[in-house]
Amino acid sequence: MLHAREVSQLRAGSSARTLSRADVRRVARAGARRGVVAGPAAPSYPGHALTRASSSSGVRDSVAATAAAADSPASYVDAPSSVEGRRVVIVGGGWAGFGAAKHLSEQGYDVTLLEASPNPGGLSSGWRTASGKTVEAGMKGFWYQYKNTFKLIKDLQLPSWPLTDFTTSGFWNPKGLVTEAPVFSKLPQLPTLIGQFVHTAPLYWALPLEDRLTMLPFLATLADYVSSEEAFEKYDKMSAYELFRKCGVSTRCYNEFLRPTLLVGLFAPPEDLSAAAVLETLYFYALAHQNDFDVCWPRGAIAELIFQPMVERIRAAGGRVQGSRLVTGLTTDPVTGEVVSVEAADRSTGETYSYPADALVFAVGITGMQKLVAATPALAQKADFRAIMELRALDVIATRVWFDRRVSTRYPANVLSGFEATAGATFFNLNDLQDEYRDAPGSVISADFYHANALLPLSDEAIVQRVVEHVAKCEPGFKGAKVVDSIVLRYPKAVTHFSPGSYPYRPFQATSIPNTFMAGDWVKGVPHGANGLSQERAYVTGLVAANLVMQRLGGGGQQAEILDVDPDEPHIAAARTAARSARQFADALGIRSPFL
Ligand SMILES: Cc1cc2nc3c(=O)[nH]c(=O)nc-3n(C[C@H](O)[C@H](O)[C@H](O)COP(=O)(O)OP(=O)(O)OC[C@H]3O[C@@H](n4cnc5c(N)ncnc54)[C@H](O)[C@@H]3O)c2cc1C
């Protein structure tokens, strides 16, 4: 936080309520000297994980900040302000922050995006090691219904489409293959649920049909959970485990299919997940339409393929993208309660800066926001911001392993079940998915661990060893292969945890501070079907935040268009209407709903 005197000097220096761009001040080292840089502590930011990244060759790879990383301080301190009263500060450089920044800068708003890490992308960030290899914060899939993301990619007019075709995936347990996911969009289209059942029936399934059929009563709850806000909140209070039990899902189906799927889909075991969040996610990713489970992958680092072009777009439109800027606090106007400036520290020099703001978007994730609330009295006195302290975030480990020889794998994407006692895991064959590794002499595997709290204390070597053992269990060809390089990235408390009962504490996008808005995969009330841990959802919330800023500041420009998911198929819509009627009827008679 800025010292009060510095704040008042800044205010006194401005002729109007809003300060011009020329008033962005570097408070050179003042914060560091006085020890007032009291923002979020280091270890939770993806950027900090970079410092823990090491290669198995024993050489610590320096993090090569991409060209996108940072403008030099001089480039913004003296930049002229073009539009008075339309300065927007966006905190957080993931999908949500970039969604807001790109749209607002293209509509003529004076945008500054501040990101704590030197690299853009947040949980989708990536960079090159000193030896020029790309590494990423884990592998990210793009699902069939990520319409807004696909539209963004088209709009960026990239030299080539940055994503693969939809791929098949394998599901494994330590005994072998459990089942596989086909590419549904290449198969004849059938009504949803019937399509998925018919097209997976001929595939290999280690799970007997009678176990799979025990999921049917659970599927009926899908029609009910969105029947009303009240129904949704009831499902949110119970864990997915309780719901599966209540619906009679078999133990085997739970242990071998549902639990591992949720560990990699929502990064937590069903006993620690909100049943409502699970229903939403399964509905969106697997059940609403036959093709919903189809997924494709980036053909290289998302940061290079998608975020770097976004940085260039924002800059071309006059906006600023500042890396290594840790936002530490904000100042509000005592009369209006509005935010007037945002304070940030340069993490490489310790210098502090104050950015005048007419509107503010927080797009920082749960842990980052909790640190800001704890450090900022103006936020701590607001009930909606304090509620965020009730939320939780999850640990993830991302690895990349280079082998001395090529080993082909049956599937490019693989979900591992029961390989770790408490963590979920996946591995991806990058030779099959990413251009850079297509002709590499040796195999390159990206493997991620979710809900990885019990693995975080292990050494990098021990984690890589586990990856090698797991991959070799599925693909025995890896047994004789030697690891020639590897990287392990740790992301403690970095990912949204949709825990039971968390819904009331998640923020809406508009906040109690009139010119401050929230974005990110964890905000609620977003009128879009994408749910759960999703780049699409994060991006859409950024667009919605941009629209809210435009409504607040006025001054023209086009609202961001948000493409909705495909409507429910008629039989699903009818089932929902029936569930809603059943619930209303039961409520009117004072009897319990047939579901909950
Ligand atoms: C291993 C892994 C696999 C995943 N797989 C998929 C997948 O297959 N498909 C999919 O769609 N999604 C996937 N996700 C989820 C997806 O990555 C996230 O939902 C999405 O990236 C969240 O974006 P966001 O903008 O909301 O937040 P984030 O990406 O978390 O961005 C928040 C940013 O805010 C910054 N920040 C925090 N505090 C401050 C501060 N005080 N000052 C300045 N900056 C700050 C952080 O450094 C961070 O860059 C995966 C995530 C992980 C970790």
Side-chain angles (χ1 to χ4, degrees), residues 37 39-42 44-50 89-101 113-125 136-143 145-146 149 169 264-267 281 284-285 295-298 302-303 307 322-330 342-345 347 361-373 375-376 393-399 413 415 424-426 428 446-452 489-491 493-496 518-523 530-542 545:
V37 179
S44 311
Y45 297 112
H48 283 275
L50 313 186
V89 174
I90 293 161
V91 188
W95 282 97
F98 267 87
L113 185 152
L114 303 172
E115 163 55 44
S117 159
N119 301 294
L123 288 173
S124 295
S125 73
E136 290 197 272
M139 196 66 176
K140 308 285 164 4
F142 294 76
W143 264 263
Q145 62 281 36
Y146 278 22
T149 314
S169 309
V264 304
L266 285 173
F267 295 14
T281 304
F284 180 73
Y285 286 95
V295 58
C296 57
W297 307 95
I302 295 174
F307 278 89
Q322 303 276 310
S324 293
R325 289 289 191 281
L326 179 68
V327 169
T328 54
L330 53 84
V342 174
E343 279 73 63
R347 287 175 56 206
V361 176
F362 281 122
V364 296
I366 289 175
T367 303
M369 202 61 224
Q370 287 176 335
K371 291 181 177 179
L372 279 164
V373 172
T376 312
L394 293 158
D395 306 328
V396 176
I397 295 176
T399 73
V415 175
T426 49
F428 303 88
S446 168
D448 301 330
F449 294 100
Y450 319 95
H451 195 254
L489 304 171
R490 291 171 168 77
Y491 293 89
K493 306 272 168 279
V495 178
T496 304
M518 306 286 293
D521 61 14
W522 55 294
V523 302
N531 283 303
L533 297 168
S534 151
Q535 300 168 105
E536 165 88 353
R537 179 177 173 82
Y539 175 62
V540 166
T541 65

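Values in this document were obtained by computation on a predicted structure and should not be read as measured data. Order of listing sets the numbers, starting from 1, for every ligand and every atom in it.
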Please list, in number order, the atoms of ligand 1 under 4.0 Å from a heavy atom of [X].
X: Gly94; value: 25 (O), 29 (O), 31 (O)
X: Ser124; value: 17 (O), 21 (O)
X: Arg325; value: 42 (N), 43 (C)
X: Val396; value: 1 (C)
X: Ala538; value: 22 (C), 23 (O), 24 (P), 26 (O)
X: Leu326; value: 40 (C), 41 (N), 42 (N)
X: Leu114; value: 43 (C), 44 (N)

Arg537 side-chain N/O to Gly532 backbone N/O, donor-acceptor pair under 3.5 Å: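 Side chain of Arg537 to backbone of Gly532, a donor-acceptor pair under 3.5 Å: no, none is there.
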
Donor-acceptor contact present, side-chain Asp448 to main-chain Met139, <3.5 Å: yes

Derivation and outcome, ring pair (Phe, Tyr, Trp, His ring centres under 6.0 Å), residues Phe142 and Trp297: CA-CA 6 Å; Phe142 294 76; Trp297 307 95; 8.4 Å; no

Contact with ligand 1 for Tyr539, non-hydrogen, under 4.0 angstrom: no

Any Ala398 heavy atom less than 4.0 Å from ligand 1: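 Contact absent.
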
From CG (Leu266) to OH (Tyr285), nearest 0.5 Å: 8.5 Å

With Glu536 via salt bridge (Lys or Arg N to Asp or Glu O under 4.0 Å) - residues at least two apart: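 Checked Glu536 against salt bridge (Lys or Arg N to Asp or Glu O under 4.0 Å); zero matches.
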
is_close_aromatic(Phe284, Trp143), centroid dist under 6.0 Å: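 No.
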
Counterpart residues, side chain to side chain contact (heavy atoms under 4.5 Å, CB included), relative to Ala519 (two or more places apart): Ala96, Val361, Ala363, Gln509, Thr541, Ala545

